[in-house]
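Notes for the one structure printed next.
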Amino acid sequence: MHNRFQHILVGFLIIVTIASCKGLQKETIIYRNDFEGGNLSRIIDGKIEEYNGSKVIGRYSQSGFLLKLDSLPKHNMVQISFDLYIHDTWDGNAIKPEGPDIWIMNIDGWSAVYSTFANGLCTNCSQAFPVVQPSHVNGGFVFFDNKPNSNAIKTDLPGACKLKDSKEGTSMYKILRTFEHTESTLDIGCYAQLEDPDTANKNCNESWSVDNMMVKVIEFK
Ligand SMILES: [Ca+2]
Ligand SMILES: [Ca+2]
């Protein structure tokens, strides 16, 4: 009986330990925006457009926006997630004058995403995403070669401008980044660096937008 009681006690302690470990992590959503209400507070250079029946922040081409959050509760990590729409003709890793077409997210000034995307009429193209950082070789950047639309959630969305009559004119990606962070302020900058010889129509040829943005802080107690 004594041994049996010990086994039960050890089993009980293991269950209690697992349960308390799960309770050590506290997640708090500090920012959530589907842009349907037109809320652009705390965003610099924000603009809203309707795309495919939903309001999005965008569209941007070469430029972008900066989300500035402050008064964050005590935390150890931050998680950022959103839908990224790559509209119309992006040339991925192509060399100048067509590419590379780079999408960028900077967190407090450091590079969280610096990756290329290919979409639309691009033949013999490659893109770096889902690899989010290039290699540094001889003082320059070398982007990983993946197939166009790699890891896209959807590729059958209408284009926004140049390919607006095409049913495969836009691809949608889920961007999810989790990183260590303890400061009470957080700057999230989203931009693109795009190459297009057709400068007069660049905003129509290659653009992007974002929807369903969510920022969580995570605290380990
Ligand atoms: Ca929306
Ligand atoms: Ca391009």
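As the structure lists them, so they are numbered: ligands from 1, and atoms in each ligand from 1.
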message: Looking only at N, O or S atoms, which one in Asp34 sits nearest to the Ca ion (ligand 1)?
response: O
statement: the Ca ion (ligand 1) -> Glu36, closest N, O or S atom is OE2
message: Quick one: does any side-chain atom of Asp83 pair with a main-chain N or O of Tyr173 as donor and acceptor, under 3.5 Å?
response: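 Between the backbone of Tyr173 and the side chain of Asp83 there is no qualifying donor-acceptor contact (under 3.5 Å).
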- request: Give the atom name of whichever N/O/S atom in Asp91 sits closest to the Ca ion (ligand 2).
  value: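 Per the distance ranking, Asp91 contributes OD2 as its closest N/O/S atom to the Ca ion (ligand 2).
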- request: Among the N/O/S atoms of Glu195, select the one at the shortest distance from the Ca ion (ligand 2) and name it.
  value: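 Distance check against the Ca ion (ligand 2) picks out O in Glu195.
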- prompt: Is the shortest distance from a Lys or Arg side-chain nitrogen in Lys68 or Asp187 to a carboxylate oxygen in the other one below 4.0 Å?
  reply: yes
Salt bridge present between Lys55 and Glu36 (N-O < 4.0 angstrom): no
message: Closer than 3.0 Å to the Ca ion (ligand 1): does that hold for any N, O or S atom in Ser54?
response: yes
- request: Measure from the Ca ion (ligand 1) to each N, O or S atom of Phe35 and report whether any distance is below 3.0 Å.
  value: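 No N, O or S atom of Phe35 is closer than 3.0 Å to the Ca ion (ligand 1), so no.
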query: Please state the angle at the Ca ion (ligand 1) spanned by O of Lys55 and OD1 of Asp211: what is it, rounded to 10 degrees?
result: 80°
message: Looking only at the aromatic ring of each residue, does the gap between the centers of Tyr51 and His87 stay below 6.0 angstrom?
response: yes
- prompt: Do Trp208 and Phe117 have their ring centres less than 6.0 Å from each other?
  reply: no
- request: Taking the Ca ion (ligand 2) as the vertex, measure the angle between atom O in Glu98 and atom OD2 in Asp101; round to 10°.
  value: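 Vertex the Ca ion (ligand 2), arms to O of Glu98 and OD2 of Asp101: 110°.
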task: Drop me the distance from Met213's CE to Cys190's SG, to the nearest 0.5 angstrom.
output: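 That separation rounds to 4.5 Å.
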